[in-house]
Amino acid sequence: QLQLVESGGGLVQPGGSLRLSCASSGVSLDYYAVGWFRQAAGKEREGVSVISSSGGSTKYANDVKGRFTISRDNAKNTVYLQMDNLRPEDTGVYYCAAETMVGALRSATNWLDADEYRYWGQGTQVTVSS
């Protein structure tokens with residue numbers, strides 16, 4: 001069973017940076033697309049960024065393009081989300097999720113759809129505030 005653990009959240013001032021990590025315990029992430037999703041208080045969970053199993057393709061939500069960078073190190077079974085120039089509206093619980101790249105995820109159109117992912121971490125809080 002694939003288990004994911006997020007880390008790296010915290011409190012940061014607007015304009016600051018954080019790097020989130022998503023690590024798999026025991027099971028290789030080599031064959032999984034991994035995505036980052038976030039949920040603000042009172043709002044639905046939304047897709048932030050996804051990276052393909054090979055790392056060769058990525059996708060970003062429009063409001064994080066140019067500010068966030070997703071990457072992966074398959075040797076370490078870890079996916080990262082570098083978040084720069086953070087804004088108060090980036091505040092929320094950030095979750096990583098993984099799914100094999102068969103079925104719906106063969107199309108990048110579905111990559112930011114949380115319903116397409118079976119495996120989820122417990123989440124890490126990111127708060128952007130002065």
Side-chain angles (χ1 to χ4, degrees):
Q1 180 77 2
L2 179 60
Q3 293 184 323
L4 302 172
V5 179
E6 303 97 335
S7 61
L11 172 64
V12 64
Q13 292 186 341
S17 297
L18 284 174
R19 188 176 82 156
L20 305 183
S21 298
C22 172
S24 165
S25 57
V27 176
S28 171
L29 283 175
D30 286 5
Y31 302 106
Y32 293 86
V34 178
W36 286 97
F37 297 79
R38 67 186 178 191
Q39 188 166 19
K43 295 187 177 181
E44 292 187 357
R45 192 171 298 188
E46 62 177 357
V48 175
S49 182
V50 175
I51 189 165
S52 65
S53 55
S54 68
S57 297
T58 58
K59 186 171 184 176
Y60 297 91
N62 288 335
D63 61 344
V64 305
K65 284 180 181 177
R67 301 189 298 121
F68 291 10
T69 304
I70 192 169
S71 62
R72 65 190 299 157
D73 185 340
N74 281 355
K76 295 182 178 180
N77 269 341
T78 303
V79 173
Y80 305 98
L81 185 68
Q82 177 68 40
M83 305 187 296
D84 298 319
N85 193 19
L86 283 160
R87 304 168 179 169
E89 53 265 39
D90 294 318
T91 294
V93 179
Y94 282 68
Y95 300 88
C96 67
E99 186 53 77
T100 54
M101 294 193 68
V102 297
L105 289 193
R106 287 188 297 178
S107 170
T109 302
N110 299 320
W111 284 10
L112 293 177
D113 185 347
D115 290 340
E116 301 300 340
Y117 292 78
R118 288 179 291 169
Y119 305 103
W120 291 84
Q122 83 289 350
T124 186
Q125 177 71 43
V126 171
T127 303
V128 185
S129 175
S130 55

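Put simply, the side chain of V12 does not reach to within 4.5 Å of the side chain of S17, judged on heavy atoms. E116 places none of its side-chain heavy atoms less than 4.5 Å from the side chain of W111. By the 4.5 Å heavy-atom criterion applied to side chains, Y80 and D73 are counted as neighbours. Side-chain contact check for T69 versus Y60: some heavy-atom pair is nearer than 4.5 Å. Proximity of R38 to T91: side-chain heavy atoms (C-beta onward) are nowhere separated by under 4.5 Å. At least one side-chain heavy atom of Q122 sits less than 4.5 Å from a side-chain heavy atom of V5. Between N110 and Y117 the shortest side-chain heavy-atom distance does not fall below 4.5 Å.
V128 and L81 fall within a single hydrophobic cluster, where Ile, Leu, Val, Met, Phe, Trp and Tyr side chains are chained together by heavy-atom contacts under 4.5 Å. L105 and L29 are not part of a single hydrophobic cluster, where members link through side-chain heavy atoms under 4.5 Å apart. The cluster map of Ile, Leu, Val, Met, Phe, Trp and Tyr, joined by side-chain heavy atoms under 4.5 Å apart, puts W120 and V50 in the same cluster. Note on V48: it clusters hydrophobically with I70, by side-chain heavy-atom contacts below 4.5 Å among ILVMFWY residues. V93 and L18 are assigned to two separate hydrophobic clusters, defined by single-linkage of ILVMFWY side chains at heavy-atom distances under 4.5 Å.
In terms of heavy-atom proximity, A61 sits nearest to L112 at N-CD1, 3.9 Å. A pairwise comparison of heavy atoms in S130 and P14 identifies N-CD, 3.7 Å as the closest pair.
Geometrically, R45 does not engage F37 in a cation-pi contact, judged by NZ or CZ lying under 6.0 Å from the ring centre and within 45° of the ring axis.
In E89, the CD atom is crowded: over 12 heavy atoms of neighbouring residues, nucleotides or ligands sit closer than 6.0 Å.
Of the possible polar contacts, one joining the E6 side chain to the C96 backbone as a donor-acceptor pair under 3.5 Å is found. For S49 (side chain) and K59 (main-chain N/O), a donor-acceptor pair under 3.5 Å exists by modelled atom type.
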inquiry  = Run the side chain to side chain contact (heavy atoms under 4.5 Å, CB included) test on L20 and V126 for me, step by step, so that the C-alpha distance in whole Å, both residues' side-chain angles and the decisive distance to 0.1 Å come before the verdict.
reply    = CA-CA 9 Å; L20 305 183; V126 171; 4.1 Å; yes
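Atom NZ in K65 sits 10.0 Å away from atom CG in D63 (nearest 0.5 Å). S107 contributes atom OG, which lies 9.5 Å from atom CE of M101 (distance to the nearest 0.5 angstrom). Here CZ of R67 is found 9.5 Å from CE of M83. Values are rounded to the nearest 0.5 Å. Here the straight-line distance linking atom OG of S24 with atom CG of L2 works out to 4.5 Å at 0.5 Å rounding. Rounded to the nearest 0.5 Å, atoms CG (N74) and OH (Y31) are 10.0 Å apart. Between the CD1 atom of I51 and the CH2 atom of W36 there is a distance of 12.0 Å, given to the nearest 0.5 Å.
Listed by chain and residue number, S52 satisfy the side chain to side chain contact (heavy atoms under 4.5 Å, CB included) test with S54 (two or more places apart in sequence, or in another chain). Under the rule for a side chain to side chain contact (heavy atoms under 4.5 Å, CB included), the partners of T100 that lie at least two apart in sequence or sit in another chain are Y32, V102, R118.
Just one of V79, D30, N77, T78 meets the side-chain contact (heavy atoms from CB on, under 4.5 Å) condition when paired with R72; it is V79.
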